[in-house]
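Data block below; observations after.
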Number of protein chains: 2
Amino acid sequence: MNNKELQVALASKLGISQSETEELLQATINALIEKLSENKSVSIHGFGSFEVREKNERLTVNPLTKERSIVPAKKALAFKSSTVYKEKIKELPRYE
Amino acid sequence: MNNKELQVALASKLGISQSETEELLQATINALIEKLSENKSVSIHGFGSFEVREKNERLTVNPLTKERSIVPAKKALAFKSSTVYKEKIKELPRYE
């Protein structure tokens with residue numbers, strides 16, 4: 001499902017127009033990104049938490065050429081689902 | 001940052017009350033969870049995508065007792081940040 005379909009689902013849930021929903025969704029994501037950019041973790045009750053983690057620089061080896069190169073230290077966004085939601089998702093029926 | 005603080009940030013962004021924001025945020029999360037429960041991946045433009053992935057059953061060994069046990073197959077939520085956002089986050093200033 002893409003952005004558009006999420007908006008449609010959300011608009012019908014909230015009983016508001018799709019363009020209003022688009023604005024809301026964008027504002028939510030922006031608020032999230034803003035907080036994360038300040039190196040703050042963001043947790044959403046019943047769903048999970050987002051956190052910017054620092055990854056150390058590391059060495060990689062190209063398996064064909066055996067050439068070594070350094071991947072510089074960087075930051076990456078990590079998501080961890082909440083314990084409650086994790087338990088719920090575990091039991092979902094198997095997808096055929 | 002917890003739910004409450006996200007609501008405060010979002011309420012001021014949207015110029016609506018905090019209880020309205022709470023409702024919105026909950027509806028957004030519910031729409032997300034609903035779609036994910038149908039084994040659909042959900043992607044949010046400029047942020048990333050969520051997907052329920054199947055994990056095979058696996059064997060663990062307790063390092064103290066050497067006892068082996070089987071972790072049953074389960075489902076787990078995976079998040080992948082979008083390429084654009086990944087590049088942005090990489091360059092965040094180092095947290096002191």
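Below, read A as the first sequence line, B as the second, and so on, with proteins coming before strands; counting in each chain starts at 1.
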Salt bridge flag under 4.0 Å for residues B:K40 and A:E5: no

Straight-line distance of [X] [atom1] to [Y] [atom2], nearest 0.5 Å:
X     : Y     : atom1 : atom2 : answer
B:Q26 : A:H45 : CD    : NE2   : 7.5 Å
A:L10 : B:T28 : CG    : OG1   : 4.5 Å
A:K74 : B:K86 : NZ    : NZ    : 7.0 Å
B:L24 : A:K13 : CG    : NZ    : 13.0 Å

Most chain A-contacting option - heavy-atom pairs closer than 4.5 Å, from B:T21, B:I16, B:L25, B:I29: B:I29

Closest heavy-atom pair and its distance - B:G46, A:I33: O-CD1, 3.9 Å

Contact summary for B:L6 and A:A31, nearest pair of heavy atoms: CD1-CB, 4.0 Å

Ring geometry between B:F50 and A:F47 (parallel below 30°, tilted from 30 to 60°, perpendicular above 60°): perpendicular

Atom CD of B:E23 with >12 non-hydrogen neighbours under 6.0 angstrom: no

Proximal component of A:L36, with respect to chain B [non-hydrogen, under 4.5 Å]: both

